There are 2 protein chains.
Amino acid sequence: MTVTLADVAARARVSPATVSRVLNGNYPVAAATRERVLRAVDELDYVLNGPASALAAATSDLVGILVHDIADPFFGIIAGAAQHAMVEGAPGRAGGEKLAVVCNTGGSPERELTYLTLLQRQRAAAVVLTGGAVDDPEHTAATAAKLARLTNGGTRVVLCGRPPVPGAAVTATLTFDNRGGARRLTEHLLSLGHERIGYVAGPAERTTTRHRLEGHLSAMRDAGLAAGLDRLTAHGSYDRRSGYDATLELLRREPGLTAIAAANDTVALGVCAALRDQGRRVPDDVSVAGFDDLPFSVDAAPALTTVRLPLHEAGARAGRLATGTEAPPPGGVATVGAELVVRSSTARP
Amino acid sequence: MTVTLADVAARARVSPATVSRVLNGNYPVAAATRERVLRAVDELDYVLNGPASALAAATSDLVGILVHDIADPFFGIIAGAAQHAMVEGAPGRAGGEKLAVVCNTGGSPERELTYLTLLQRQRAAAVVLTGGAVDDPEHTAATAAKLARLTNGGTRVVLCGRPPVPGAAVTATLTFDNRGGARRLTEHLLSLGHERIGYVAGPAERTTTRHRLEGHLSAMRDAGLAAGLDRLTAHGSYDRRSGYDATLELLRREPGLTAIAAANDTVALGVCAALRDQGRRVPDDVSVAGFDDLPFSVDAAPALTTVRLPLHEAGARAGRLATGTEAPPPGGVATVGAELVVRSSTARP
DNA sequence: TTGAAAGCGATACCAG
DNA sequence: CTGGTATCGCTTTCAA
């Protein structure tokens, strides 16, 4: 039925072992023999049996990239960069070809664990976890345990855009400066003279959410604006609708708002829409700030001030770390910057 | 070292065969025995060896989803819906768990073939190809051949958002009405009284590009506006920059344009940006039309008229077809609609 | 430089 | 309902 390595061997008049060696290219083989084998492969249109190979070699060429939401360009950009970095550094011939596969957890911690198990089952060569973690000790522990088992089994584990897990068995961690970025963003608004600044946070149980909120709050407190911060903060999820609804709520609580900072750009889009519908002009009446600086942000809200995360760079590094092309940073953890992007149209109060 | 099925069998004092049966749940096993086995699995923290299983069973639980650009929400939405539909219809227990993996081809036909080979190598259960195909007979043939080999090997093949390949070995094809949608879009602009309508097309070698362009041109011709259509058409890629550059070019050629239709929403964003920079207001001076109706479109360009493609629905169906949860449409091909969306210039979420 | 043969870990057929 | 066991296709010592 399907053509096997033995068939190729027969056709090339060599042993299966030799064919294997030619295909993997990790062993000396006479040029003439190799030539003969490759021809046979071509003629028979042979395709290696991955499972069999993985079983015998006890590793596969699969690399899993876990994302919260595949429809969100934030993750798309990271995943794309990671995948690209993997094929880049790979040996040309059939050898080191990594199959980068992105897995959509939908933000569900259970699904995340499920995927990790599935990848463990496949004996994945590496796993990249992107995006903030769930802020729950129990789940952190469960994840840490699973990751430990993965690394024990020889799978490389890379965290990208997720805080380091203290004593966890992880190859490398790339973390965004969410706290610092959020802090600088709010400081910028403060420097323009804003004082009544609303904040639309993400889902409460995410580290990203917490860190960004902490950055914002610390800036407010340091500016002597500690009073009533709760009233000026609304929680939601990381989507547009959430920004819309939260804005209406904030305006109800505090009609005198002159600026709103959002957990990310997508949320900021919803903020802008709500303000528009309420008859407030952005940025003339209310300044809006976002986070992530996704490509469409500039069109969607030219008035947006944002913090730019180096998504592409982080993804690429994660990819290289996963394939072992790049050495882990000292201590295993590296923080990639968060850069303030001030667009010309940000208004003063 | 790692715990195997035999270890579990020993601990549960049963044969490996029984353990396998319990795990796969596709064979009668006494409740007491099953109980004992499951406990052993738990206690030993056993994880099935995927490759070994795939080798023995001659199939894996991998499903590949090929996308042109993972950072483009167009594909993210389709892929997300497909993946979701797969886990939905799966048996709860360790059984039918499909590992949906999305593969980023970056729009390169070679990479597409590479991924297909890789998936064939993994003995994937199914493959979903999303997005337009490359409009080149040679590549069409190469792809068709590869797909034939996949289906021969028992892999289900689903095309989503890609035209049917005439005599190809494909399980099912879901195609968008790109031609009809584009035609209606332009007809709408015409009905508003526009006559000098520019068109920003996608990359020349894509079927999506060609079909949308054909729809536009046929509408123009039928309106008696056949003259100088070449001058009013600019080609580019499917990104924002491309829309920006093409718009400048079109305005240079024909400063009197009153409307511009773009190959997709992302391109339309670039069109709007260029118009803004040229001091033309949208939609007062120039009407802009897009395609796909991505979620951020409404914010990015509230004045945009678009054609909405049922991305979510198409993706979900593709997922079900890939897992066999849904029966293929009669003839193997189904066209999912394209709906005209006319916005007023203030948008709600 | 090449070949022979022993696994890798699960599945499924054939008995019982 | 349960147990033995022959594969599945490849990798990898060990010899030659």
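Below, read A as the first sequence line, B as the second, and so on, with proteins coming before strands; counting in each chain starts at 1. What's counted below: heavy atoms across the whole structure, side chains too, no hydrogens, waters or symmetry copies. Predicted model only: the values in this text are computed from it and were never measured.
Residue A:L23 contributes atom CG, which lies 7 Å from atom P of D:dT11 at whole-angstrom precision. Spacing between atom CG of A:N26 and atom P of D:dT12 amounts to 7 Å, rounded to whole angstrom units. Rounded to whole Å, atom P of D:dT2 lies 11 Å from atom OH of B:Y27. Atom-to-atom, CG of A:D7 to C1' of D:dG9 comes out at 10 Å; the value is rounded to the nearest Å.
For the ring pair (Phe, Tyr, Trp, His ring centres under 6.0 Å) condition, the pairs that include at least one residue of residues 47-68 of chain A, sequence neighbours left out, are A:H68-A:F75.
Side-chain N/O atoms of B:D61 and A:Q122 include a donor and acceptor closer than 3.5 Å. A side-chain N or O of A:S15 and one of A:T18 form a donor-acceptor pair less than 3.5 Å apart.
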Review point. Is there a side-chain hydrogen bond (donor to acceptor under 3.5 Å, both in side chains) between B:T323 and B:T325 once you walk through the steps?
Key: CA-CA 5 Å; B:T323 47; B:T325 314; 2.8 Å; yes

Practice item. Would you check, one step at a time, whether the test side-chain contact (heavy atoms from CB on, under 4.5 Å) holds for B:V102 with B:Q83? Key: CA-CA 9 Å; B:V102 358; B:Q83 184 259 15; over 6 Å; no

Review point. Going through the distances and angles, do A:L66 and A:L119 end up as a side-chain contact (heavy atoms from CB on, under 4.5 Å)?
Key: CA-CA 10 Å; A:L66 271 61; A:L119 288 163; 3.6 Å; yes

Point to revise | CA sep, side-chain torsions, deciding dist, call: A:T105, A:S108, side-chain hydrogen bond (donor to acceptor under 3.5 Å, both in side chains) | key: CA-CA 6 Å; A:T105 68; A:S108 146; over 6 Å; no

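Between B:R206 and B:D135 there is no salt bridge, since no side-chain N of the basic residue sits under 4.0 Å from a carboxylate O of the acidic one.
Nearest heavy-atom pair, B:R36 versus B:R13, reported as atom, atom and distance to 0.1 Å: NH1-O, 3.8 Å. B:V3 approaches B:L44 most closely through the heavy-atom pair CG1-O, 3.6 Å. Heavy atoms only, all atoms of each residue included: B:A148 and B:A169 are closest at CA-CB, 3.9 Å. Annotation for B:A172 and B:P328: closest pair CB-CB, 4.3 Å, computed over non-hydrogen atoms.
Looking at residues 8-20 of chain B, you'll see B:A17, B:S20 sit with a heavy atom under 4.0 Å from some atom of DNA chain C. Near-neighbour residues of DNA chain D inside residues 29-36 of chain A, defined by a heavy atom below 4.0 Å, are absent.
Rounded to 10°, the helix from C:dT1-D:dA16 to C:dG16-D:dC1 has 30° between the axis fitted to its first five pairs and the one fitted to its last five.
Taking 4.0 Å as the cutoff to heavy atoms of chain B, we find the contact window on DNA chain C bounded by C:dG9 to C:dC13.
Side-chain N/O atoms of A:N49 include none lying less than 4.0 angstrom from OP1 or OP2 on D:dC8.
Scored by the side-chain hydrogen bond (donor to acceptor under 3.5 Å, both in side chains) test, A:R162 finds A:E112 as partners (sequence neighbours excluded).
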